[in-house]
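Structure record follows, encoded as C-alpha cells.
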Amino acid sequence: MNMADKLSPEQKLERKRHSMAHVMAEAVLDMFPTAQIAIGPAIDTGFYYDFDLPRQLVNDDLAVIEEKMKEIIKSDRKFVRTEVTRDEAREKFKDQKYKLELLESIPEGETVTLYNQGNFTDLCRGPHVESTKKLDPRSFKLMNIAAAYWRGKESNPMLTRIYGTAWNNKKDLDAYLTKLKDIEKRDHRKLGKELDLFSMHEEAGPGLVYWHPKGARIRGVIEDFWRKEHYKNGYEMVYTPHVGKSWLWETSGHLDFYHDGMYPPMEMDKADYYAKPMNCPFHIMIYNNTKRSYRDLPLRWAELGTVYRYEKAGALHGLLRVRGFTQDDAHLFVTPEQVDDEILTVLKFSLNMLHSFGFQEIKAYLSTRPEKAVGEPERWATATEALKKAIEKEGLEYEVDEGGGAFYGPKIDLKIKDAIGRAWQLSTVQFDFNLPERFNMTFTDKDGQEKRPYMIHRALLGSIERFFGVLLEHYAGAFPAWLAPEQVKIIPVGDNCFDYCKELEGKLRMEEFRASADLSDDHMKVKIKNAQLNKVPYMLVVGEKEMESGEFSVRLRTGKQQKWGDYDSFVKKLHSIVDSHQIEL
RNA sequence: GCCAGAAUAGCUCAGGGGUAGAGCAACUCUCUCGUAAAGAGUAGGUCGUCGGUUCGAAUCCGACUUUUGGCUCCA
C-alpha cells in the first residue's frame, strides 16, 4: 500500500505544491547556475522559493521559468529521498550558504534528508510526490516576484522570492484565477474611485482619508445607527480632544511602549502635545474627574474617536491600513462582580451589530496571558474565564491563542467572513489591567474600601475606515438599501415629466429617503445606465403612463422590474425594506 | 523602513530621444426619447517632482514623492 493513499486531500495538494517549488528551483538553477537557494515551502495557494540571484528578475523571466518547469514536469523525474550524514550534507551544499545555515539549525539527532529530482537536489524534510508526472503542467502559474529577507529578518540579506500558485488540475487553477479577478473587481480602492466615495492625496499626506459626499452619506448612516444602538444598549457618548500633553502619554505608558506608533510631538507653550493614537487615556480622565462609587458602575462610554498612528509607509493600504482613522471605541468600567454579565452583554451587542451589516459567519479568537504581563494572576483568570464563558454561552466557534494576549490583558477578537469567504477581524473586546494602575483609578465599594475597577476596551466595527472598506468589498459596492448613498433614482422618460419627477423627489426626501431625479438632458437609457453603474438600488422610470395611472414600476439594480403599485404603496414598501435594514432589495 | 514594479487629460489606457494620442467624462449645439451608451462640435496635459546625460528628454540615468505587490507561511 502506498503511503500517499493515507494522506488527506489537503496533504496531497500540499505535497504537490512543495514538489512544484523544487521543480521551480531546478528551473531557476538551470537558468542561473550560480544562484543561491534558500527555502521553498508550500503555502495556502501554492508555493514560493527564495533565491539569491546574480541579476534582478523581470516579469518576462517568469514565462521562461514556467516553460522550463513544464518541460521538467513532463520529463517524468523521480523524487528520490536519501538520508545522509551531516558531513555528507555539508559537502553536498558547500557552495550553498543558506542551505549550510539551515543544516546547522537542524536539531542534533534528527535525520538529515535530501530530495533529488533530475538535476536538482535539495536539503528537505519532504515529503514529495513520487515523480513529476504526478504534477499537472497546466495546474500552476507563476504569479509574482517579490523580495523577502532571509528568515524574515530586516537585518538579513534580501532575497528574490518567486510566488507560484498550484492546484490539482487546470480546472482548480482556473477557478482560483477567476476568484482573483473577482477580488480585483471588489477592491475597495477601485470601487471607492468608481463610485466617488473617498480619496487620498499625496500632496496632503499618505494614509489620510478624504470622504466624498457619497462616502460620507454611508458613513453617516453607519454612525447614526451605531450611536442609536449604543444608547439603546446602555452606553453614553463622550467627546474628547484630539491631542494631549506628554504628561498623559507618559502616565499611560504610550511614550515608553508605543512611541514608534505615534505622530511626533508639536511643541506649544514649552509643552509637547501628541496627536492621540488611542482614546483610552482621555476616557480615564473623565472617569477620574470625580470620585466613583460602586453604585455608578458599570460605566459604558463610547466615542467615535479619531486617532492618528504612524504606520510604516510600506504598510499603508487603501482604507484597510491608514494613518488617521476613527475607532468605534468604548470603555467599560465595572466592578469585579459585574465582569461576567458585562462581557456577555458586550459580546451579544457586538454580534448583533455585525449581523445588522449582513455578516452572519463569525468566529471568535480568545487570547490569553502572555509570559510578560502586568496585573495580578487572579484578575487575569477572572477576566479570561469571563471571556471564555461568554463565547461558549453564545455558541460561537472559537480558537484559543494561548499566551497571545497583550501584556495588559486578555481579549476576544471576532472575525467575520465576507461574501467571498475572506476573513476580516472587526470586533475586539479587551481587558486592560495596565491603565487603571497607571492612572490610579478607583471606586468606593459597599464596604467603604477603595477598589480598582476592571477596565474593558472594546471596538465593534474596529475602525470606521477599515470597516467601510470591508463592507465595500463585501457588497462589491452594491450596498443594501439602508446603506446605499443613493436609494432611489427617479428617471423621467422625457422632459414633459421633469416637473412631476422633481415633485416626486421632494416627496421622497421628506420621507427621509435618499432620492434624486436625473434631470440632465441625457437620454433615458443613459440615465438608467448611470444609475446602474452607481449601483443605485431602485430606479423609478417615470413617463406619461405613470403620471396618468399613478402606478410605478420599479427597476432594481439587478435589472429586474417590480410592480410596487401606487406612490403610497411604493413608499410603504421602501420604508419596510430600509427601516428593517433588509439586505436584499 | 527595506526590495521590486508603476506614475501620460477628471477616469481607463496607448505611445515613446525630434516636442502629445484614443475612448469615456466635461462643455456647446441638435435629437425629446419607455428600461445599460443618439449625433456633431469645443476645450482639456510642464507626460508625478527635482536634478543629470544630450544639440534636443515625456522617453535614458539618479534622487525624491505617491502608489502597487512583497517583506507572516521555514530544511
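Chain naming here is simple, since letters A, B, ... match the order of the sequence lines and numbering starts at 1 in each. It should be emphasised that the depicted structure is a prediction, and the values quoted were computed from it without experimental measurement.
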Dot-bracket pairing map - RNA chain B, Watson-Crick plus G-U, both contacts under 3.5 Å, | cross-strand | (((((((..((((....[..)))).(((((.......))))).....(((((..]....))))))))))))....
Given atom CG of A:Asp521 and atom P of B:C27, what is their separation to the nearest angstrom?
->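 Taking atom P of B:C27 as the reference, CG of A:Asp521 is at 9 Å.
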Taking atom C1' of B:C71 as reference, at what distance in whole Å does atom CE of A:Met143 sit?
->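 These atoms are roughly 18 Å apart.
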[X] side-chain proximity, nearest of [options]:
| X | options | answer |
| --- | --- | --- |
| A:Ala148 | B:C11, B:C71, B:C74 | B:C71 |
| A:Tyr48 | B:G70, B:C73, B:U67 | B:C73 |
| A:Met158 | B:G1, B:C2, B:U12 | B:C2 |
| A:His523 | B:A38, B:G1, B:G70 | B:A38 |

Ignoring hydrogens and angles, state whether a donor on the side chain of A:Asn116 or A:Lys78 is under 3.5 Å from an acceptor on the partner side chain.
->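 Checked: A:Asn116/A:Lys78 side chains show no N/O donor-acceptor pair below 3.5 Å.
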Quick one: do the A:Tyr98 and A:Asp52 side chains pair a donor with an acceptor below 3.5 Å?
->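 Side-chain D/A pair, A:Tyr98 to A:Asp52: present.
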Is it the case that the ring center of [Y] lies less than 6.0 angstrom away from the ring center of [X]?
| X | Y | value |
| --- | --- | --- |
| A:Trp564 | A:Phe570 | yes |
| A:Tyr176 | A:Trp167 | yes |
| A:Tyr49 | A:Phe47 | no |
| A:Tyr48 | A:Tyr163 | yes |

Under 4.0 Å: is that the gap between some side-chain N or O of A:Tyr163 and OP1 or OP2 of B:C71?
->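 True: A:Tyr163 side-chain N/O within range (under 4.0 Å) of B:C71 OP1/OP2.
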Can a side chain N or O of A:Arg323 be found less than 4.0 Å away from OP1 or OP2 on B:U66?
->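 It does not, given that no N or O in the side chain of A:Arg323 lies less than 4.0 Å from OP1 or OP2 of B:U66.
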Heavy atoms under 4.0 Å, any strand shown: does [X] hit a base, just sugar-phosphate, or nothing?
| X | answer |
| --- | --- |
| A:Arg189 | sugar-phosphate |
| A:Asp495 | base |
| A:Ser520 | nothing |
| A:Arg125 | base |
| A:Ala531 | nothing |
| A:Glu184 | nothing |
| A:Ile43 | base |
| A:His317 | sugar-phosphate |

Please walk me through it: do A:Trp249 and A:Tyr258 pass ring-ring contact (aromatic ring centres under 6.0 Å, His included)?
-> CA-CA 9 Å; A:Trp249 309 109; A:Tyr258 199 71; 9.3 Å; no
A:Glu473: which of A:Lys417, A:Arg186, A:Arg422 passes salt bridge (Lys or Arg N to Asp or Glu O under 4.0 Å) |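 Result for salt bridge (Lys or Arg N to Asp or Glu O under 4.0 Å) with A:Glu473: A:Arg422.
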cation_pi(A:Lys489, A:Tyr538) dist<6.0 Å, angle<=45 |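 No, A:Lys489 does not sit over the ring of A:Tyr538.
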Expressed in whole Å, how much space separates the P atoms belonging to B:A7 and B:A43?
->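 Going atom to atom, P in each nucleotide, I get 29 Å.
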Using the C1' atom on both, measure B:G15 against B:A9 and round to a whole Å.
->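 Pairwise C1' distance, B:G15 against B:A9, rounds to 15 Å.
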Most 5' of A:Leu159 and A:Gly318 on RNA chain B, judged by nearest nucleotide |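 Of the two residues, A:Leu159 wins.
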Side-chain donor/acceptor of A:Tyr149 to base of B:C2, under 3.5 Å =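 Side chain to base: pair found, below 3.5 Å.
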Once the angle between the rings of A:Tyr274 and A:His259 is folded into 0 to 90°, is it parallel (under 30°), tilted (30 to 60°) or perpendicular (over 60°)?
->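 Answer is perpendicular, since the angle exceeds 60°.
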Atom pairs, protein N/O to nucleotides 34-37 of chain B N/O, distance under 3.5 Å:
unit_1 : atom_1 : unit_2   : atom_2 : d
B:G34  : O6     : A:Glu544 : N      : 2.9
B:G34  : O6     : A:Lys545 : N      : 2.9
B:G34  : N1     : A:Glu546 : OE1    : 3.0
B:G34  : N2     : A:Glu546 : OE1    : 3.0
B:G34  : N2     : A:Glu546 : OE2    : 2.6
B:U35  : O3'    : A:Arg555 : NH1    : 3.1
B:U35  : O2'    : A:Arg555 : NH1    : 2.8
B:U35  : O2'    : A:Gln561 : NE2    : 3.3
B:U35  : O2     : A:Gln561 : NE2    : 3.1
B:A36  : OP2    : A:Arg555 : NH1    : 3.2
B:A37  : N1     : A:Lys529 : NZ     : 2.9
B:A37  : N3     : A:Lys529 : NZ     : 2.4

